[in-house]
Amino acid sequence: MSGYEEIILDHWRRPRNKGRLPDATGSAVEANPLCGDIVRLEVKVQDGAIAAARFTGEGCAISLASASLLTELITGKPVAEVERMKDEDLLAALGGVVKTRLSCALLPLRALRRALASEGPPRRTLPPSEV
Amino acid sequence: MSGYEEIILDHWRRPRNKGRLPDATGSAVEANPLCGDIVRLEVKVQDGAIAAARFTGEGCAISLASASLLTELITGKPVAEVERMKDEDLLAALGGVVKTRLSCALLPLRALRRALASEGPPRRTLPPSEV
Amino acid sequence: MDERIRNDFPILGRTVHGKPLVYLDSAATSMKPIPVIEAEARFYRESYANVRRGVYALAAEANERYEEARGKVAALIGAGPGEVVFTHGTTEALNLAAWGLGETRVEPGDEILVTEMEHHANLLPWQEIARRRGARLAAAAVAPSGELDLDDLRAKLSPRTKVVALVHVSNVLGTVNPVAEVAAEAHRVGAIVVVDAAQSVPHLPVDVGDLGADLVAFSGHKMLGPTGIGVLWGRNDLLAELPPLLTGGEMVREVWLNWATWDDPPARFEGGTPPIAQAVGLGAAVDYLRAIGMEAVRRHGEELTALALDGLLARPHVTVYGPSDPAAQGALVAFNLAGIHPHDVATLLDQEGIAIRGGHHCAQPLHRRFGIPASCRASFHVYTTPEEVNQFLSALDRVWEDLR
Amino acid sequence: MDERIRNDFPILGRTVHGKPLVYLDSAATSMKPIPVIEAEARFYRESYANVRRGVYALAAEANERYEEARGKVAALIGAGPGEVVFTHGTTEALNLAAWGLGETRVEPGDEILVTEMEHHANLLPWQEIARRRGARLAAAAVAPSGELDLDDLRAKLSPRTKVVALVHVSNVLGTVNPVAEVAAEAHRVGAIVVVDAAQSVPHLPVDVGDLGADLVAFSGHKMLGPTGIGVLWGRNDLLAELPPLLTGGEMVREVWLNWATWDDPPARFEGGTPPIAQAVGLGAAVDYLRAIGMEAVRRHGEELTALALDGLLARPHVTVYGPSDPAAQGALVAFNLAGIHPHDVATLLDQEGIAIRGGHHCAQPLHRRFGIPASCRASFHVYTTPEEVNQFLSALDRVWEDLR
Ligand SMILES: Cc1ncc(COP(=O)(O)O)c(C=O)c1O
Ligand SMILES: Cc1ncc(COP(=O)(O)O)c(C=O)c1O
């Protein structure tokens with residue numbers, strides 16, 4: 001059957017940078033309550049670059065693979081460059097995502113942007129107990 | 001043009017028994033707030049028969065003609081017979097009524113039935129000032 | 001208008017009482033052109049599924065068609081798609097507006113200002129809110145000309161006025177109200193302006209920016225679209241603060257047994273399975289109207305109204321209600337024949353195949369204002385021809401001959 | 001089922017991702033047969049007008065078609081036509097029920113009892129009423145089997161319980177609840193019983209008399225009918241006491257600027273222009289279902305469910321939710337593949353043209369009850385074939401191979 005791209009399956013089966021980042025300088029949780037996907041993205045910014053990035057989460061293969069891949073993509077990159085990253089860049093890196101699932105694929109990127117922003121909007125979607 | 005039956009036009013132009021009945025034994029008002037038709041029907045029952053019937057009202061040609069014709073039809077008749085009068089009887093007497101206007105034609109009959117009933121249901125449709 | 005337009009409306013080929021149908025009740029509801037009927041049918045035959053939550057391609061396709069329709073409606077009124085809420089009609093849209101503002105803006109002792117010419121749909125919801133919230137409902141007067149008495153409206157505006165709700169084009173008088181002017185004054189006292197555009201969006205170019213209102217309601221079925229769908233347009237920031245009227249699926253984020261959080265607009269206000277196929281049909285209706293051009297639609301309405309007014313005003317036994325100025329009036333005329341009930345007029349015209357409406361047109365207070373229980377109304381849309389208006393006028397003469 | 005039935009549903013001939021569509025999401029919404037699509041289209045082409053107030057023949061004809069549809073729906077559920085209120089869907093029907101009972105029956109300190117398996121549409125309106133009226137909302141538990149825990153329900157019933165609202169057939173578990181039994185117990189404490197029949201009326205013979213409930217809600221679009229229409233059935237005397245949810249035209253008797261009197265049911269609850277063409281379409285859907293016979297519809301659903309359950313239960317990596325007994329279950333199955341998110345299952349099946357739903361199916365509390373964020377659901381209707389169920393089962397094996 002024509003299933004997911006190999007890169008998605010690979011990152012889903014063997015997630016990279018999964019876990020918490022104790023000395024994170026930025027952290028954000030994004031959830032898609034419609035499907036229950038939830039991703040926490042933590043970054044450590046040092047000298048204007050992403051020194052480390054980690055994620056934890058629950059959800060579908062696409063959102064978790066995307067989170068895993070994203071941490072790889074940004075680690076070591078200057079923050080300015082990471083901030084310029086577009087939705088399309090991540091989708092392309094994932095090898096393409098069916099359009100019904102774009103919101104899953106982009107959930108980690110939303111979390112990353114909030115983690116990098118000094119002041120993100122207040123979280124409205126989930127109570128802290130859920131995270 | 002194919003208009004109303006002659007009998008309707010005749011009763012509408014020259015209404016019979018129009019006015020109040022000071023010594024009425026029964027009286028009722030029926031209104032059709034949807035079109036503003038309002039008819040008061042008063043009867044005087046004596047020795048088990050309709051000694052007199054009068055109507056007042058405002059509204060369309062059909063409801064007023066029907067009220068006029070109805071007072072003629074029942075005057076002198078035994079109450080028992082009048083009570084058996086069916087919707088179809090009145091409609092037939094009017095020479096037929098287009099079905100979009102049946103409620104206009106039957107408004108006076110509804111008032112008559114309530115006027116004859118010792119205790120009609122409480123009037124709910126119009127405040128007394130309107131009658 | 002083009003003869004081809006008429007051919008797009010199959011029902012206009014039918015007869016009534018053996019006579020060709022002359023449909024002059026478009027203000028009650030408009031007829032539907034083939035492209036609208038077919039858009040809905042084709043959607044069911046080819047792309048149907050429930051919208052929003054579906055992960056499969058067919059659901060995505062259906063959702064796209066639904067959102068595409070929202071975009072078309074938004075473009076028609078110069079709005080952003082996120083500001084267009086699909087409701088089931090003007091009535092639900094106005095109930096939603098009243099409910100939401102009642103919850104967020106109206107306190108005991110406040111005032112809600114409507115006008116004497118409102119359709120019941122823009123009066124009763126405010127009565128309910130006023131009653132529930134302990135607010136006062138006031139109504140700006142209608143002048144004998146059928147125009148809004150702006151001095152009276154101004155006199156009734158105060159800092160206690162939290163909502164001004166008014167009709168854009170009266171469904172009885174045809175009066176086009178100066179909404180932008182009223183909105184500016186209402187905003188000056190801090191009131192929210194709600195506009196019942198049920199009779200304007202189908203007939204005139206309406207740009208919500210120019211209108212200056214905060215919430216605008218209209219129905220699909222009066223603008224060549226299907227029944228069962230309507231629109232509430234709202235300023236983004238205002239919609240964001242309003243609570244939903246209907247709760248259920250598809251309008252929430254998170255649901256626990258004892259609490260729930262609402263989704264953002266417009267989803268927040270579209271609880272349950274929305275009128276999906278009807279949205280697609282409405283999108284096709286918008287396409288149809290825009291292909292003609294709203295300016296041309298308006299011009300056509302004005303021409304027919306001018307013709308009807310000329311004819312009616314020339315007959316001494318006819319009383320006409322409203323401005324009697326085609327340029328200041330929607331595509332309709334309201335009138336009475338001296339001493340004859342509107343229902344008799346409508347019934348007798350119907351015998352000749354001519355469909356007009358007789359009654360209070362869901363505007364009882366307005367009729368009371370003019371001291372009449374009811375009126376006759378002839379109303380037009382793009383498919384109405386000058387010949388039909390003339391047929392109507394001569395038939396009216398026969399009614400008068402018959403009944404007087 | 002007959003092959004001819006399948007031919008009545010043109011959308012079933014289409015492909016998705018190059019594969020023939022296998023539509024297994026009928027619980028979300030059903031496909032429409034030609035007679036339904038055509039009934040609506042023909043109505044627009046031949047008999048369309050606004051209903052109720054029109055004095056002309058075309059309006060009378062449209063009104064007759066509208067009321068005829070009401071009669072058909074009434075006959076389907078063993079009711080009188082005057083007890084059938086047309087709404088815009090189950091969601092509006094349940095909001096109307098909750099609103100009305102909130103106004104007339106629920107006092108501060110009272111209780112409203114729902115169940116853990118309610119669709120959001122039969123939960124959120126009661127949350128709102130409980131909050132507004134200062135009442136308490138309680139939920140009867142769902143047993144691990146997916147059945148209603150009747151002991152828990154009984155324990156939560158008390159003289160303070162004013163409303164018991166429950167789903168007839170769960171849209172996730174498929175559980176057929178013993179509504180008559182619950183209704184009898186609820187009535188014993190004087191509670192009103194509201195039933196969400198969105199998943200039962202489309203699939204089983206339902207007689208409101210036998211059901212024993214006081215108010216019953218369902219949607220047209222899940223029973224082969226159009227979107228944009230639903231039904232609230234109510235006992236005559238109960239409907240008579242309920243206030244309207246939506247106010248506006250066509251639901252009033254008399255309107256003054258500051259007060260109004262409501263019309264009788266069902267008109268009282270049908271404010272504004274109703275979904276006229278959708279009612280006609282729903283009438284055709286009822287005709288279609290009754291021509292097959294609701295007993296036969298039910299049998300077909302049971303057969304497919306049995307086939308799907310057999311297949312799913314035989315696969316150790318599949319967890320099935322619900323009674324897993326076709327005779328005690330609606331025409332659907334909910335399940336999960338171990339360690340795989342339902343959205344992934346749905347997306348991968350979609351690549352093969354198979355449309356199932358993955359998500360919480362508007363029943364978040366129920367999913368939480370089972371400790372899962374979401375589930376897969378395959379659901380059927382008269383046009384679904386055993387071959388399609390088998391295709392689905394083998395495709396599921398390929399998903400498992402691919403992802404595990
Ligand atoms: C059990 C149940 N209740 C209520 C609803 C809501 O129905 P609608 O979306 O048609 O208002 C649904 C359908 O999604 C359902 O399955
Ligand atoms: C001015 C006006 N407002 C509101 C309405 C109500 O619209 P609907 O019946 O489509 O809800 C109408 C139509 O009857 C109208 O003409």
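Because the structure is a prediction, the values reported are computed rather than measured. Naming: A, B, ... by sequence-line order, numbering from 1 per chain.
Interface check for chain C: of the options D/His119, D/His221, D/His343, the most heavy-atom pairs under 4.5 Å are formed by D/His221.
Interface residue D/Val16: only side-chain heavy atoms are found under 4.5 Å from chain C. The parts of C/Leu257 that come within reach of chain D are both its backbone and its side chain, each placing non-hydrogen atoms under 4.5 angstrom from that chain. With a 4.5 Å cut-off on non-hydrogen atoms, C/His88 touches chain D through its backbone and its side chain both. Heavy-atom distances place no part of D/His361 under 4.5 Å from chain C, backbone and side chain included. Looking at D/Val252, the atoms closer than 4.5 Å to chain C (heavy atoms on both sides) all sit in the side chain, from C-beta outward. Interface remark: D/Arg52 contributes no atoms to any contact with chain C (heavy atom separation under 4.5 Å). Contacts of D/Pro274 with chain C are made by backbone atoms alone, with heavy-atom separations under 4.5 Å and no side-chain atom involved. With a 4.5 Å cut-off on non-hydrogen atoms, D/Ser219 does not touch chain C at all. When heavy atoms are compared at a cutoff of 4.5 Å, D/Glu40 approaches chain C solely by way of its side chain, counted from C-beta outward. Proximity to chain C is limited to the side chain of D/Leu21, based on heavy atoms less than 4.5 angstrom apart. Heavy-atom distances place the side chain of D/Glu61, and not its backbone, under 4.5 Å from chain C. Only the side chain of D/Ala139 comes within contact range of chain C, with heavy atoms under 4.5 Å apart. Proximity to chain C is limited to the side chain of D/Ile34, based on heavy atoms less than 4.5 angstrom apart.
If you check the side chains of C/Thr227 and D/Gln278, you find a donor sitting under 3.5 Å from an acceptor. Of the N and O atoms on the side chains of C/Tyr48 and D/Thr29, at least one donor lies less than 3.5 Å from an acceptor on the other residue.
You'll find the side chain of C/Asp350 stays beyond 4.5 Å of the side chain of D/Val55, heavy atoms only. In this structure, the side chains of D/Pro226 and C/Tyr44 come closer than 4.5 Å at one or more pairs of heavy atoms.
Taking the six-membered ring where tryptophan is involved, the planes of D/Tyr56 and C/Tyr23 are perpendicular, since the angle between them exceeds 60° and thus also 30°.
Of the possible polar contacts, one joining the D/Asn95 side chain to the C/Thr247 backbone as a donor-acceptor pair under 3.5 Å is found. Remark: the backbone N or O of C/Ile37 is not paired with any side-chain donor or acceptor of D/Arg45 at under 3.5 angstrom. For the pair C/Arg14 (side chain) and D/Glu46 (backbone), a donor-acceptor distance under 3.5 Å is present.
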